[in-house]
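Below: one structure, written as structure tokens.
Below, all heavy atoms of this structure are taken into account, side chains as well, without hydrogens, waters or symmetry copies. Numbered from 1 within each chain, the chains take letters A, B, ... in sequence-line order. Not measured: the values here are computed from a predicted model.
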Protein chains: 2
Amino acid sequence: MSTKPTDIDAYRLSEQAGFNLRRANQRHVAIFSRLVEGLTPTQFAALARLYEFGALSQNRLGRLTAMDSATIKGVVERLKAKDLVSSRADLSDQRLRLVELSDKGREVFERALGGALDARVETLSPLTEEEARAFEALLAKLV
Amino acid sequence: MSTKPTDIDAYRLSEQAGFNLRRANQRHVAIFSRLVEGLTPTQFAALARLYEFGALSQNRLGRLTAMDSATIKGVVERLKAKDLVSSRADLSDQRLRLVELSDKGREVFERALGGALDARVETLSPLTEEEARAFEALLAKLV
DNA sequence: CAACATCTGTTTGTATACGAGCAATCTCGG
DNA sequence: CCGAGATTGCTCGTATACAAACAGATGTTG
């Protein structure tokens, strides 16, 4: 199963889906940061889930936002430092730490929502509307 | 420019292109890590550029691999620690540090290439071949 | 040629991202 | 009720990723 010279000739980094996925993600993060003040995309995602679902255990919040337990811990920590969420023990299961939006967190999320929607539009702006719909549909199949 | 309730009702994190771009990228990194032993996608990208272009200044290598100067520094550092690249001063421009593949680096790249190509295929495997082509074309327009 | 701007690489600080290993807790089968 | 297995959250170590500030080298321009 050795790599033939043909493979190497055919290899063009710029055409690799993985490389372009990474770049597209970088571009989206940059756009989001410009349009949404004071929240990273991941922090916003966490607020969005809490807004939608109410109080959630830290690990469950992580699963809903595609972050492992080590990552979500840091995100929750920083959201707590900004007083956007609070956490408390679950009385019926001592393992759980329930995380919940604060009033300020709810307000910040609602104010950030417009920018987040704009970020999506700007990220997809190199595409026509039809292409953007197709791209989002294919992307959804990938994840 | 306040956010109307309608916006909030319409907001579904899982349908956001940005969120799915992040997840798709995570998935690709996981697949790549499984199929390519001992190299991260970014490290592989750097080797690929050096393989294609020969010696490059550190910053230029960063631009060709979509990493800023702080990021590429760490990547080159780790590649040097593994003896896959070497770096030296450019005589005609004292600012530059030329980075170059070592023999071992060339060999490691060639051996990793097959796995990298497999990672692309597996990443796109939820799509039909036609969809995968369409997706890659749209993705290329986005970056 | 001297002032100025630009470019390169470095450092620091912050924020994901994940593997691995750990202790506390819960669940469930026997 | 008890012990095996699963789950939760934590910690550590490693690896991107980028903003900002910096020093040194190069270029450009009046």
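The residue among A:Val29 and A:Arg60 whose nearest nucleotide of DNA chain D lies closer to the 5′ end is A:Arg60. Remark on DNA chain C: of its neighbouring residues A:Asp90 and A:Thr71, the 5'-side contact belongs to A:Thr71, judged by nearest-heavy-atom nucleotide. Two residues, A:Arg22 and A:Asp93, neighbour DNA chain D, and the one matched to the more 5' nucleotide by heavy-atom proximity is A:Asp93. Nearest-nucleotide assignment on DNA chain C puts the 5′-proximal partner with B:Arg97, out of A:Thr42 and B:Arg97.
Ring geometry for A:Phe135 against B:Phe135 counts as parallel: the plane angle stays under 30°, on a 0 to 90° scale with 60° as the upper cut.
Here chain B contacts DNA chain D (any atom closer than 4.0 Å to a heavy atom, that is under 4.0 Å), and the contacts span D:dA15 to D:dT26 from 5' to 3'. When DNA chain C is scanned in the 5' to 3' direction for atoms under 4.0 Å from non-hydrogen atoms of chain A, the outermost contacting nucleotides are C:dA15 to C:dC26.
Counting any heavy atom pair closer than 4.0 Å across all strands shown, A:Val75 reaches sugar-phosphate atoms only and no base atom. At a threshold of 4.0 angstrom between heavy atoms, the contacts of A:Ser33 with the nucleic acid are absent. Within 4.0 Å (heavy atoms only), B:Ser69 reaches at least one base atom of the nucleic acid.
A salt bridge is absent between A:Glu130 and A:Arg133; no separation between the charged side-chain nitrogens and carboxylate oxygens falls under 4.0 Å. Taking the charged nitrogens against the carboxylate oxygens, B:Arg106 and B:Glu110 have no contact shorter than 4.0 Å, which rules out a salt bridge. Under a 4.0 Å N-O distance rule, the pair B:Arg111/B:Glu37 does not qualify as a salt bridge.
Partner of A:Leu56 under the side chain to side chain contact (heavy atoms under 4.5 Å, CB included) criterion, out of A:Val99, A:Leu64, A:Leu98: A:Leu64 alone.
Counting heavy atoms from C-beta on, the side chains of B:Leu124 and B:Glu136 come closer than 4.5 Å. Residues B:Thr65 and B:Thr42 form no side-chain contact, since every pair of their non-hydrogen atoms from C-beta on lies 4.5 Å or further apart. Under the 4.5 Å side-chain criterion, counting only non-hydrogen atoms from C-beta, B:Leu79 is in contact with B:Leu47.
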